[in-house]
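Atom set for the values below is all heavy atoms of this structure, side chains included, hydrogens, waters and symmetry mates excluded.
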Amino acid sequence: MATTVITNISSLVTNDPSLGEGTLGLIRDAAVVIDGDRVAWVGDTSKAPATDNRVDAEGRAAIPGFVDSHSHLVFAGDRTAEFNARMSGQSYSAGGIRTTVAATRAATDAALEANLLRYLREALRQGTTTQETKSGYGLTVEDEARALRVAAAHTDEVTYLGAHIVSPDYADDPAGYVGLVTGPMLDACAPHARWVDVFCEKGAFDGDQARAILTAGAARGLIPRIHANQLSHGPGVQLAVELGAASADHCTHLTDADVDALANGRTVATLLPGAEFSTRAQWPDARRLLDAGATVALSTDCNPGSSFTSSMPFCIALAVRDMGMTPDEALWSATAGGAAALRRTDIGHLTPGTRADLALLDAPSHVHLAYRPGVPLVSAVWRAGVREV
């Protein structure tokens with residue numbers, strides 16, 4: 001396989017402190033060598049080895065590809081009216097999901113796949129090279145399974161979220177729906193997923209129901225993650241840590257005990273600022289989590305109802321402006337933090353042996369992601385060693 005060196009990088013974020021400055025392991029005037037789908041070497045441009053191909057970064061910054069560890073991309077329909085109403089003073093609740101469920105059930109497989117590909121391409125253009133996505137807008141055995149089949153054809157990080165809300169078909173029998181989610185639906189979905197998730201929240205599933213769903217999924221080999229403490233205080237974070245979930249997502253309403261549990265456990269706190277932006281809700285307190293020693297990830301929560309953005313740079317800017325993160329912390333959380341939330345060591349870093357996922361920024365430093373919000377700074381993207389943008 002051909003080798004490629006990217007030279008004249010003004011600042012290279014490796015996310016390995018042993019290789020450069022600070023937590024991000026910054027290397028100035030750097031180069032990266034790609035061999036096949038892997039990073040083979042990083043260091044000073046002046047010391048770069050000979051390769052088959054050479055790319056001049058012309059003083060741009062380079063960062064690991066973003067790892068978006070929470071999204072909902074298999075859906076149909078539009079919820080513009082809901083967003084417009086919310087921005088006109090109405091409050092957000094979990095009930096709007098039912099609108100997307102109806103549209104998704106009515107859509108063809110081809111329409112769902114086309115929509116998924118549209119948003120995957122959109123995210124890639126903005127530097128996202130790893131994308132987790134979920135089911136959760138079908139809520140029948142057949143519709144959940146087909147959502148996961150569609151997703152699994154295009155990403156390795158697929159999550160079974162039959163427990164997004166109680167299906168409208170079971171509005172008067174939530175226990176019956178939990179039985180479906182942990183029984184026939186799980187049987188149909190487990191072969192297509194890596195993860196199992198549940199929305200543990202008022203209006204969705206309580207702590208006992210969430211425990212039953214995550215435990216059943218784990219028994220089928222799926223790794224737990226959980227929507228936790230988004231709209232109110234609840235048992236989600238504590239349950240996530242107790243069950244060894246990879247990630248507790250949202251984490252907006254936390255007690256001191258919740259923060260301590262995250263700081264002392266393996267569960268990553270994944271923060272989703274796009275949701276707070278789009279619902280005018282309270283911002284998660286990233287500073288509180290970081291100061292306590294918790295591992296924090298940033299993700300888009302891209303979905304048609306409460307966070308219709310695929311832009312990790314936008315989420316970084318929000319995290320810095322409104323959640324108490326430094327630019328360095330936000331970038332780490334959007335790359336290495338996302339990798340941790342997916343329990344991956346081959347992505348989110350630019351070190352020898354990792355997958356060659358990187359983005360060049362039309363700026364001299366990664367700080368411009370927050371410094372110049374809304375500006376399309378990503379000028380080139382390599383994924384698994386192949387230039388995609």
Side-chain angles (χ1 to χ4, degrees), residues 70-72 74-75 79 82 86 90-105 132-141 143-144 147 159-183 185-186 189 193 195-217 222 224-240 242-243 245 247-254 258 267 269-272 274-276 278-279 281-282 284 299 301-307:
H70 183 126
S71 74
H72 306 250
V74 185
F75 69 89
R79 285 160 67 181
E82 176 189 321
R86 192 164 61 242
Q90 297 181 22
S91 63
Y92 171 71
S93 70
I97 293 168
R98 294 178 181 85
T99 304
T100 303
V101 169
T104 302
R105 288 179 177 181
E132 181 273 355
T133 199
K134 309 174 193 297
S135 65
Y137 292 125
L139 309 186
T140 67
V141 172
D143 286 309
E144 286 295 295
T159 301
Y160 167 47
L161 183 60
H164 202 178
I165 59 168
V166 174
S167 168
D169 308 322
Y170 286 78
D172 298 323
D173 185 17
Y177 186 65
V178 172
L180 182 71
V181 168
T182 58
M185 189 183 287
L186 176 60
C189 291
W195 307 95
V196 59
D197 198 347
V198 59
F199 189 11
C200 184
E201 186 62 67
K202 294 176 183 177
F205 298 89
D206 65 24
D208 290 340
Q209 293 168 329
R211 180 189 300 277
I213 290 161
L214 295 179
T215 301
L222 303 181
R225 52 199 321 110
I226 188 169
H227 287 58
N229 301 55
Q230 177 188 4
L231 306 177
S232 60
H233 293 292
V237 164
Q238 295 290 337
L239 182 62
E242 176 192 336
L243 297 181
S247 180
D249 298 13
H250 288 289
C251 294
T252 306
H253 298 275
L254 302 180
D258 294 330
T267 300
T270 298
L271 308 183
L272 309 169
E276 280 69 39
S278 293
T279 61
Q282 173 184 323
S299 186
D301 191 18
C302 186
N303 75 82
S306 61
S307 183

Fill in the blank from the handout: When every non-hydrogen atom of Ala147 is compared with those of Ser135, the smallest separation belongs to CB-CB, 4.0 Å
Practice task
Indicate yes or no: at least one non-hydrogen side-chain atom of Leu271 is less than 4.5 angstrom from one of Cys251.
Solution key: yes
Handout entry: Mutual orientation of the aromatic rings belonging to His253 and His233 [parallel < 30°, tilted 30-60°, perpendicular > 60°]
Key = perpendicular
Handout entry: Shortest non-hydrogen contact from Ala204 toward Val166
Key = O-CG2, 4.0 Å
Handout entry: Distance (rounded to the nearest 0.5 Å) between Thr215 OG1 and Leu239 CG
Key = 7.5 Å
Fill in the blank from the handout: When rounded to the nearest 0.5 Å, the distance separating CZ of Phe75 from OG1 of Thr99 is 13.0 Å
Exercise for the section: To the nearest 0.5 Å, tell me how far Ile226 CD1 sits from Asp197 CG. Expected result: 7.5 Å
Problem - Heavy-atom check, side chain of Thr104 versus side chain of Val74, under 4.5 Å - result: no
Problem - Gln230 side, atom CD; Cys200 side, atom SG - distance, nearest 0.5 Å - result: 11.5 Å
Exercise for the section: Return the minimal non-hydrogen interatomic distance between Ser232 and Glu201, and the atom names on each side. Expected result: OG-OE2, 2.7 Å
Handout entry: Donor + acceptor pair across side chains of Thr133, Ser71 (<3.5 Å)
Key = yes
Exercise for the section: Go through the steps for Tyr160 and Met185 under the test side-chain contact (heavy atoms from CB on, under 4.5 Å), then give the verdict. Expected result: CA-CA 10 Å; Tyr160 167 47; Met185 189 183 287; 3.2 Å; yes
Problem - Sub-4.5 Å side-chain heavy-atom contact between Arg86 and Ser278 - result: yes
Practice task
Could you tell me which non-hydrogen atom of Pro174 sits nearest to which non-hydrogen atom of Asp172, and how far apart they are?
Solution key: CD-C, 3.6 Å
Practice task
State the CG-CZ distance between Asp249 and Arg225, to the nearest 0.5 angstrom.
Solution key: 5.5 Å
Exercise for the section: Taking the side chain as every heavy atom from C-beta outward, state whether Tyr170 and Leu139 have any atom pair closer than 4.5 Å. Expected result: no
Exercise for the section: Hey, can you tell me if His72 and His164 have their rings parallel, tilted or perpendicular (30° and 60° cut-offs)? Expected result: parallel
Practice task
Would you sort out whether Lys202 and Leu231 count as a side-chain contact (heavy atoms from CB on, under 4.5 Å), showing the intermediate values?
Solution key: CA-CA 8 Å; Lys202 294 176 183 177; Leu231 306 177; over 6 Å; no
Exercise for the section: Decide yes or no on side-chain contact (heavy atoms from CB on, under 4.5 Å) for Asn303 and Tyr137, but give the supporting numbers first. Expected result: CA-CA 10 Å; Asn303 75 82; Tyr137 292 125; 3.5 Å; yes
Exercise for the section: List in chain and number order the residues that pass salt bridge (Lys or Arg N to Asp or Glu O under 4.0 Å) with Asp143, two or more places apart in sequence or in another chain; answer none if no residue qualifies. Expected result: Arg146
Handout entry: Check: Asp301 side chain, Ser307 main-chain N or O, donor-acceptor pair, under 3.5 Å
Key = no
Handout entry: Exercise: do Thr252 and Gln282 side chains pair donor with acceptor under 3.5 Å
Key = no
Handout entry: Side-chain touch Val198/His227, heavy atoms, less than 4.5 angstrom
Key = no
Exercise for the section: Grab the two heavy atoms, one from Leu272 and one from Ser299, that are nearest each other, plus how far apart they are. Expected result: CD2-CB, 3.4 Å
Problem - His70 and His250 aromatic ring geometry - parallel, tilted or perpendicular at 30°/60° bounds - result: perpendicular
Practice task
Enter the distance from Leu186:CG to Leu222:CG here, rounded to the nearest 0.5 Å.
Solution key: 6.0 Å
Exercise for the section: Assess the side chains of Thr270 and Ser247: does a donor N or O sit below 3.5 Å from an acceptor N or O? Expected result: yes
Exercise for the section: Not counting sequence neighbours, which residues clear salt bridge (Lys or Arg N to Asp or Glu O under 4.0 Å) with Asp169? List them please. Expected result: Arg105
Completion exercise
Nearest heavy-atom approach of Ile213 to Ala163 is CD1-CB, 3.6 Å
